[in-house]
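Down below is the structure, laid out as structure tokens.
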Amino acid sequence: MKDTYYHKGMRRKLVDELKQKGISDEKVLQAIGALPRHFFLDKAFEEQAYEDKAFPIGQGQTISQPYTVAFQTELLNLKIGDRILEIGTGSGYQAAILALLGAEVFTVERQEVLYQKTKLLLKQIGIHKVRCFFGDGNNGLPAFAPFDKILVTAGSTEIPDNLLQQLNVNGIMVIPVGSLEQEMKQIVKLNSTETQVETYGTFKFVPFQKGINKM
Ligand code: SAH
């Protein structure tokens, strides 16, 4: 896999586009400017990899649009060393962005094909701070809880209580909630029973499903 001046040039344009669309966190923009998104897509999409669009990654799933990745990442307010649980590994692009920002990433995927493929890819491109798990994200990862941050990258009909249980007090969960379309929610856990919820714009994600899909 090669990252050329051509790709770097396209990434710079993408970063400018994201700034124009309102993304302002310099660290997030830097991470998007540094990470070759075309590594996470099939060769057929190489030319389009730096368009601000979602693309198919197989198994009926998609890599999120860069704007969405940037928006969700901003809302997480990441600190170096944060332990973060991502639900929906997909292509691994979002997980790699979190790792570049200094987080310790635990990511769960329910499609075994994607889990296998992405685990290998992250290893090949030298992203070592991401640990991949195959399973149903509805369960979270109790063995590794609690987390400082939880990021759900599939559209959920509710805020899963099970995941809130695995979040530290003062931790943040970012999750798109809704069925056909979702509203982005940023949830701060105030104590074991109370949360503070902020709602942001409307997005379109693939659904947060139940159970696993084995090869
Ligand atoms: N973060 C990904 C986005 C992938 S799309 C990226 O950067 O590419 C959302 C992903 O969530 C899909 O791969 C889908 O299979 C996965 N998913 C949906 N429901 C899930 C669940 N219950 N547990 C784990 N993963 C789930």
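Values below: all heavy atoms of this structure, side chains included; hydrogens, waters and symmetry mates excluded. Indexing begins at 1, ligand by ligand and atom by atom, following the structure's order.
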- Query: Pro207 heavy atoms, cut-off 4.0 Å: which ligand 1 atoms fall inside?
  - Reply: 18 (C), 19 (N)
- Message: Measuring from non-hydrogen atoms of Thr89 to any atom of ligand 1, is the shortest distance under 4.0 Å?
- Response: yes
- Message: Rounded to the nearest 0.5 Å, what separates atom CG in Asp3 from atom CZ in Phe39?
- Response: 5.0 Å
- Ala154 N/O under 3.5 Å from ligand 1 N/O: no
- Which residue holds the protein heavy atom closest to atom 10 (C) of ligand 1, what is that atom called, and what is the gap in Å? Gly88 CA, 3.6 Å
- Query: Should the heavy atoms of other residues, nucleotides or ligands under 6.0 Å from NZ of Lys8 be counted, would the total exceed 12?
  - Reply: yes
- Note on the structure: If we number the atoms of ligand 1 from 1 as shown, the ones under 4.0 Å from a heavy atom of Gln94 are 1 (N), 7 (O)
- Task: Among all protein heavy atoms, pick the one closest to atom 19 (N) of ligand 1 and tell me residue, atom and distance.
- Result: Gln209 N, 2.9 Å
- Query: Just which atoms of ligand 1 are under 4.0 Å from any heavy atom in Ser91?
  - Reply: 6 (C), 7 (O), 8 (O)
- Task: Spell out, as yes or no, whether a donor-acceptor pair under 3.5 Å connects the side chain of Ser156 to the backbone of Phe208.
- Result: no
- Which of the atoms in ligand 1, numbered in the order shown and given with their element, are less than 4.0 Å from a heavy-atom of Gln111? 15 (O)
- Note on the structure: If we number the atoms of ligand 1 from 1 as shown, the ones under 4.0 Å from a heavy atom of Asn138 are 22 (N)
- shortest atom 15 (O) of ligand 1-to-protein heavy-atom contact is with Glu109 OE2, 2.6 Å
- Message: Checking Asp16 against Gln20: is there a side-chain donor and acceptor pair closer than 3.5 Å?
- Response: no
- Item | NZ/Lys123: more than 12 non-hydrogen atoms of other groups inside 6.0 Å | no
- Under 3.5 Å side-chain donor-acceptor pair for Lys189 and Thr195: no
- Message: So if I count the atoms of ligand 1 from 1 in the order they appear, which ones are less than 4.0 Å from some heavy atom of Ser64?
- Response: 3 (C)
- Message: Among all the protein's non-hydrogen atoms, which is closest to atom 5 (S) of ligand 1, and how far away is it?
- Response: Thr62 O, 3.1 Å
- Aromatic ring pairing Tyr200/Phe71, orientation class (parallel under 30°, perpendicular over 60°, tilted between): perpendicular
- Any Glu86 heavy atom less than 4.0 Å to ligand 1: yes
- Value for CZ (Phe203) from CD (Glu183), rounded to nearest 0.5 Å, stands at 10.5 Å
- Indicate whether the side chain of Gln111 and that of Thr89 have a donor and an acceptor atom separated by less than 3.5 Å. no
- Message: Heavy atoms only, cut-off 4.0 Å: how does Gln61 contact ligand 1, side chain, backbone, both, or neither?
- Response: side chain
- Spacing of CG belonging to Asp42 relative to CZ belonging to Phe40, to within rounding of 0.5 Å: 13.5 Å
- Note on the structure: Val108 heavy atoms within 4.0 Å reach ligand 1 at atoms 24 (C), 25 (N)
- Query: Relative to the heavy atoms of Leu114, which atoms of ligand 1 are at a distance of less than 4.0 Å?
  - Reply: 13 (O)
- among protein heavy atoms, the one nearest atom 23 (N) of ligand 1 is Gly137 N, 2.7 Å
- Kindly assign one of parallel, tilted or perpendicular to the pair Phe147 and Phe106, based on the angle between their ring planes and the thresholds 30° and 60°. perpendicular
- Going by distance only, is there an N or O of Lys210 that falls short of 3.5 Å from an N or O of ligand 1? no
- Note on the structure: atom 9 (C) of ligand 1 has as its nearest protein heavy atom Thr153 O, 3.4 Å
- Does the Tyr67 side chain pair with the main chain of Glu17, one donor and one acceptor, at a distance under 3.5 Å? no
- Task: Could you find the nearest protein heavy atom to atom 26 (C) of ligand 1 and give me its residue, atom name and distance?
- Result: Arg110 CG, 3.5 Å
